[in-house]
Amino acid sequence: MSTTQSERLRELLEPLVTSQGLDLEEIAVDSVGRKRVLRVVVDSDSGADLDAIADVSRALSAKLDETEAMGDAAYDLEVGTPGAERPLTEHRHFVRATDRLVKFQLTEDGELVARILAVDEEGLDVEVPGVKGRKATTRRIAFPEIAKARVQVEFNRKDTKDKKEEEA
């Protein structure tokens, strides 16, 4: 049996989010001054566009009003997607981050910044960028070796720009 409000809300709302073709990544109820804010984070393998966010937001709002799960007090519902530098905690997060640069905190080897090349059930194949003129190297990381992982924001990725120029 669920004990926290967030767990009860997850049980109520997750089937609705899933029916919209999205994954419920996070749910939190926070107090902001005198108001309460229900934050719902959703995502999918192909990402969630503004139309999908609006559709799921309306569906969640209707369900919350129908069940009175948030009680009588006023609250704001905020539905969004994970941020650009989201932590990777689930297998699906790593799959969605394929071809992205990720900063890993490893359980024994310290930090590593590498690009995810492939993901399977046991771990990741990554490419570690070369330093000072050295070529990039590939490496295998098993999931148990990863303490933390977070996608890094890249503004000017050279190899992507080069590929686009070649295609033109």
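Predicted model only: the values in this text are computed from it and were never measured.
Closest approach of L12 to A69, counting heavy atoms only: CD2-CB, 3.6 Å. Contact detail for Q20 and A59: the closest heavy-atom pair is NE2-CB, 3.9 Å. Considering every non-hydrogen atom in both S44 and A48, the closest pair reads OG-N, 4.3 Å. P144 and T107 get closest at one heavy-atom pair: O-CG2, 3.5 Å. P129 and A114 get closest at one heavy-atom pair: CD-CA, 4.2 Å. The heavy-atom pair separating S6 from I27 by the smallest distance is O-CG2, 3.7 Å.
Distance check: L117 CG to R139 CZ gives 13.0 Å after rounding to the nearest 0.5 Å. A distance of 4.5 Å separates CZ in R96 from CG in D45, rounded to the nearest 0.5 Å. Between the CG atom in D49 and the OG1 atom in T81 there is a gap of 10.5 Å [rounded to 0.5 Å]. The line from CD1 of I146 to CD of Q105 is 11.5 Å long, rounded to the nearest 0.5 Å. Distance check, rounded to the nearest 0.5 Å: CG of D125 to CG of D120 gives 6.5 Å.
Distance alone, capped at 3.5 Å, is enough to place a donor-acceptor pair between the R36 side chain and the A73 backbone. With hydrogens and angles disregarded, a donor-acceptor distance shorter than 3.5 Å links the side chain of S19 to the backbone of L16. The backbone N or O of L24 lies less than 3.5 Å from a partner atom in the side chain of R10, making a donor-acceptor pair.
Within the 4.5 Å cutoff, the side chain of V29 has heavy atoms near those of the M70 side chain. Residues L112 and I141 meet the side-chain proximity criterion, which asks for heavy atoms closer than 4.5 Å. You'll find the side chain of R100 stays beyond 4.5 Å of the side chain of I116, heavy atoms only. The side-chain heavy atoms of L9 and L64, taken from C-beta on, include a pair separated by under 4.5 Å. At a threshold of 4.5 Å between non-hydrogen side-chain atoms, the residues V41 and D43 do not count as touching.
Note on R92 versus E25: salt bridge recorded, some NZ/NE/NH1/NH2 to OD/OE distance being below 4.0 Å. Using a 4.0 Å cut-off between charged nitrogen and carboxylate oxygen, E66 and K63 count as a salt-bridge pair. Under a 4.0 Å N-O distance rule, the pair E26/R39 does not qualify as a salt bridge.
The side-chain contact (heavy atoms from CB on, under 4.5 Å) test with L38 singles out one residue from V79, L77, D30, and that residue is L77.
Sorted by first then second residue, the ring pair (Phe, Tyr, Trp, His ring centres under 6.0 Å) pairs that include residues 64-107, not counting sequence neighbours, are H91-F143, F94-F143. Pairs of residues two or more places apart, or lying in two chains, never qualify as side chain to side chain donor-acceptor pair (under 3.5 Å) while including a residue from residues 141-152.
Linking ILVMFWY residues whenever their side-chain heavy atoms come closer than 4.5 Å, directly or via other members, places L106 and V128 in the same cluster. Each of V42 and V37 belongs to its own hydrophobic cluster when Ile, Leu, Val, Met, Phe, Trp and Tyr are linked at side-chain heavy-atom distances under 4.5 angstrom.
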